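See below for the structure under consideration.
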Amino acid sequence: MKRRDFIKKAALTAGILSFNPPAIHARKRFKARMVTTWPPNFPVIGEGANLLARWIEEMSGGRLRIRVYGGGELVPPLEAFDAVSQGLVEMGHGASYYWAGKVPAAQFFAAVPFGMNAQQMNAWIYRGGGLELWEEVYRPFNLIPMPAGNTGVQMGGWFNKEIRSVSDLKGLKMRIPGLGGKVISKAGGAAILSPGGEIYTNLERGVIDATEWVGPYHDYLMGFYKIAKYYYYPGWHEPGTVLELFINRNFYQSLPKDLQEIIRTAAYRANLWMLSEFESKNNTYLKKLVDEHNVKLKRFPEDVLKTFKRYTKEVIEELVSRDPLSRKVYLSFQGFKKDVSQWARISEMAYYSLP
Ligand code: CA
């Protein structure tokens, strides 16, 4: 190849001679910081946030580079929402029920006790009007939310004593966020919201008596089996917790359309990646907990679960009676749940009960 042709070809490849506007646009590079509610490089969830950043960078050919910060590295874990809202940083990864004190309607997009599982939450959010409502709820905070992870059905939590009846919850200090926490308070316990990085120490020091976290794989990595004996199921309070990516609206709108779509696509991937990671490992780690660490696996008694269900109804009724936005979101959530549950009865429930 002649030298002149070679230069011309190289220049074309680099887009220099192209007069195609998107190609000119394509040269503009962006940087973002993503703060998270998780400890730095936290397995699965934090790892998923790191991967999300990497996928965006790779898909964009390096045009959008994101640096991920663990909770406390740039801002404290539970201040991620405000930091992104105020534009101090561009993105955040967390769970929307952490912001319930600020925006109560947010918690419906993370987990509702006795609510929907992971696939049903995805169906509601992506295809059932949930995402549009979530965007409306975050709009006053100048944030754009999207799902970016799911834990699947969680476990009920770690306790140092058996829970034989609701009275065993009286005075119990339990780390449990969101609506589930309100239910525990109604049952006479004290619900405490603390970020993942503080739970072990708090439980070890007796600041809390019990904690819920995620499920066998992640709870094993957290080491709770070293300081609590009883591991309860099912995770009535978090049947398919959605993890979120939230983006400062001004930053998002400053991005060209293709980078916006790359972010959305990567968030979908993170959503599926995290759910698959948990689902593929939970049983292996449940066996380790029971067989190698003598954890006592227990099911909550039926009457305790029935009481939790009754209190959940009351907690939600109280919330939606004083907060119109929560009412609006809940009506959509509940309507969708009713519909999808009817289908589940003759699809999945029927399938699970096959001989
Ligand atoms: Ca949890």
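If you're wondering where the values come from, they're calculated on a predicted model, not measured in any experiment. When a ligand or atom number is given, it counts from 1 through the structure's own listing order. Side chains included, hydrogens not; waters and symmetry mates left out as well; all remaining heavy atoms used.
- Between Tyr200 and Phe224, the ring planes are parallel. Angles under 30° get that label, and only those over 60° would be called perpendicular.
- Each of Phe114, Tyr232, Phe300 was compared with Phe308 under the ring-ring contact (aromatic ring centres under 6.0 Å, His included) criterion, and only Phe300 meets it.
- Classification of the Tyr285-Tyr217 ring pair by plane angle, with boundaries at 30° and 60°, yields tilted.
- For the pair Lys161 and Phe159, the cation-pi criterion (under 6.0 Å, within 45° of the ring axis) is not fulfilled.
- Judged as a salt bridge (Lys or Arg N to Asp or Glu O under 4.0 Å), not a single pair has a partner in residues 330-353 (not counting sequence neighbours).
- Using modelled atom types, one finds no donor on one side chain facing an acceptor on the other under 3.5 Å when comparing Asn122 with Asn150.
- The distance cut-off of 3.0 Å around the Ca ion (ligand 1) captures these protein N, O or S atoms, sorted by chain and number: Gln154 OE1, Glu212 OE1, Glu212 OE2, Trp213 O, Glu238 OE2.
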